[in-house]
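These notes are about the structure you will find just below.
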Amino acid sequence: MKKYLIALFAAVLALFANACMTVENNDRSITELANHMMISTGAVWDGPWVVSPLRAESGFALKLNDRQVVFLKYNTDRAKQRKKLKYVDDNGCLYIYAFKFPAMRHGSFVMMDYEAFPPETKEKLIKAFKSFGK
């Protein structure tokens, strides 16, 4: 009986810790993310992104060091979009017409195709992206 109680306590603790790490930023706009990323990284606006193949709500691209990085917003109130976010969590990528792109989730947002940047630029992007909505 004691082993079961310990296992149950550990499971509840793990669920609680996971819930605490979840970022709730579904109320934030794609424009807010764009402004945050441009200020934090020095990137420049490269235009809106066609989101239909990715089933996202909205998206945009920024240019940094002559290279593009893409950001997408998914609505966590919609089951299909939550499923896409879970896919990013589980696989660390998204596919566009059979082409694989590295992707990272932060709350309702996804940053895509950031891996090809030099390490210091990549870390700058990740740090700025992870700090959005805290």
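- Panel note: side chain Asn26, backbone Thr76; a donor-acceptor pair is recorded below 3.5 Å.
- Between Gly59 and Ile30, the shortest heavy-atom distance links the atoms CA-CD1, 4.2 Å.
- Atom-to-atom distance recorded for Tyr97:OH and Leu54:CG is 8.5 Å, nearest 0.5 angstrom.
- Rounded to the nearest 0.5 angstrom, Asn75 CG and Glu57 CD are separated by 4.5 Å.
- The shortest heavy-atom contact between Trp45 and Met38 is N-SD, 3.7 Å.
- The aromatic rings of Phe129 and Phe71 sit tilted, their planes meeting at an angle between 30° and 60°.
- Summarising the geometry of Lys130 relative to Met104, their closest heavy-atom pair is CE-SD, 3.6 Å, with the distance given to 0.1 Å.
- Between the side chain of Asn25 and the main chain of Ser108, a donor-acceptor pair closer than 3.5 Å is present.
- Between Phe132 and Phe109, the ring center distance clears the sub-6.0 Å criterion.
- With salt bridges taken as basic N to acidic carboxylate O contacts below 4.0 Å, none links Arg82 and Asp77.
- Interatomic distance, CG of Leu33 versus CG of Leu62, reported as 8.0 Å (0.5 Å rounding).
- In terms of heavy atoms, Ser40 sits closest to Lys124 at O-CE, 3.9 Å.
- Arg28 and Lys73 get closest at one heavy-atom pair: O-NZ, 2.7 Å.
- Ser131 and His36 are linked by a side-chain donor-acceptor pair at a separation below 3.5 angstrom, with hydrogens and angles left out of the test.
- Pairing each heavy atom of Phe99 with each of Phe101, the nearest pair is O-CD1, 3.3 Å.
- Expressed to the nearest 0.5 Å, how far NZ of Lys83 lies from CZ of Arg55 amounts to 9.5 Å.
- Atoms CD and OH, on Gln81 and Tyr74 in that order, are 7.5 Å from each other to the nearest 0.5 Å.
- Between the CE atom in Met111 and the CG atom in Leu94 there is a gap of 12.0 Å [rounded to 0.5 Å].
- You'll find the side chain of Met37 stays beyond 4.5 Å of the side chain of Leu64, heavy atoms only.
- Leu72 and Phe60 sit in two unconnected hydrophobic clusters of ILVMFWY residues. Membership requires side-chain heavy atoms under 4.5 Å apart, directly or through other members.
- In terms of hydrophobic clustering, with Ile, Leu, Val, Met, Phe, Trp and Tyr side chains grouped at heavy-atom distances under 4.5 Å, Val70 and Ile126 are assigned to different clusters.
- Val69 places none of its side-chain heavy atoms less than 4.5 Å from the side chain of Lys63.
- Side chain of Glu32 to backbone of Ser29: a donor-acceptor contact under 3.5 angstrom is found.
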